[in-house]
Amino acid sequence: KLFAEKETLVKKTTQAIVKQCKDIKLIDAKATIIAPHTIQIDQDTVISAKYVIIGTGASAFIPEGIEYGGDIITSDELFNLKTLPKDIAV
């Protein structure tokens with residue numbers, strides 16, 4: 001149930017963002033800023049625009065000395081749990 005609710009929330013949020021941005025070209029890709037108002041998506045695709053909005057996302061950081069795996073998980077795994085753990089430390 002928890003996983004299904006999370007998936008529904010993500011889907012609804014994505015749909016709301018796309019709807020709000022109906023007059024904006026959304027590009028889901030990694031890109032590099034190469035000049036003011038200009039980004040390069042891949043070797044052949046360079047786009048210039050008056051405004052460029054960057055959604056950076058996030059990735060988990062595991063400090064040196066922390067043994068990742070088993071009982072230690074990142075937010076990536078947390079958001080995909082099918083059931084909540086009895087105890088959790090953040």
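Just so you know, residue 1 is the first one in the sequence shown, and it goes up from there. Since the model is a prediction, treat every value here as computed from it, not as a measurement.
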Within a 6.0 Å radius of atom [atom1] on [X], are there more than 12 heavy atoms belonging to other residues, nucleotides or ligands?
X	atom1	result
Asp42	CG	yes
Ile62	CD1	yes
Ile53	CD1	no

Name each donor-acceptor pair under 3.5 Å that joins a side chain in residues 8-19 to protein atoms two or more places apart or in another chain, with its distance.
{"from": "Thr8", "atom 1": "OG1", "to": "Ala4", "atom 2": "O", "distance (Å)": "2.9"}
{"from": "Thr13", "atom 1": "OG1", "to": "Leu9", "atom 2": "O", "distance (Å)": "2.8"}
{"from": "Thr14", "atom 1": "OG1", "to": "Val10", "atom 2": "O", "distance (Å)": "2.9"}

Item to check | Smallest separation among heavy atoms of His37 and Lys50, with atom names | outcome: ND1-O, 2.8 Å

Checklist entry - Looking at Ile72 and Glu67, what are the two nearest heavy atoms and their distance? => result CD1-O, 3.3 Å

Item to check | Derivation of the side-chain contact (heavy atoms from CB on, under 4.5 Å) call for Ile27 and Ile47 | outcome: CA-CA 11 Å; Ile27 302 169; Ile47 297 175; 3.3 Å; yes

Checklist entry - Are the side chain of Thr74 and the backbone of Asp76 linked by a donor-acceptor contact shorter than 3.5 Å? => result yes

Checklist entry - Going hydrophobic residue to hydrophobic residue with side-chain gaps under 4.5 angstrom, can you get from Phe61 over to Ile66? => result no

Item to check | Qualifying residues under salt bridge (charged side-chain N to carboxylate O under 4.0 Å, His left out), relative to Glu5, sequence neighbours excluded | outcome: Lys1

Checklist entry - From Ile41 CD1 over to Ile39 CD1, what is the distance, rounded to the nearest 0.5 angstrom? => result 4.5 Å

Next on the checklist: With heavy-atom distances below 4.5 Å as the criterion, would you say the side chains of Ile54 and Ile33 are in contact?
Outcome noted: yes

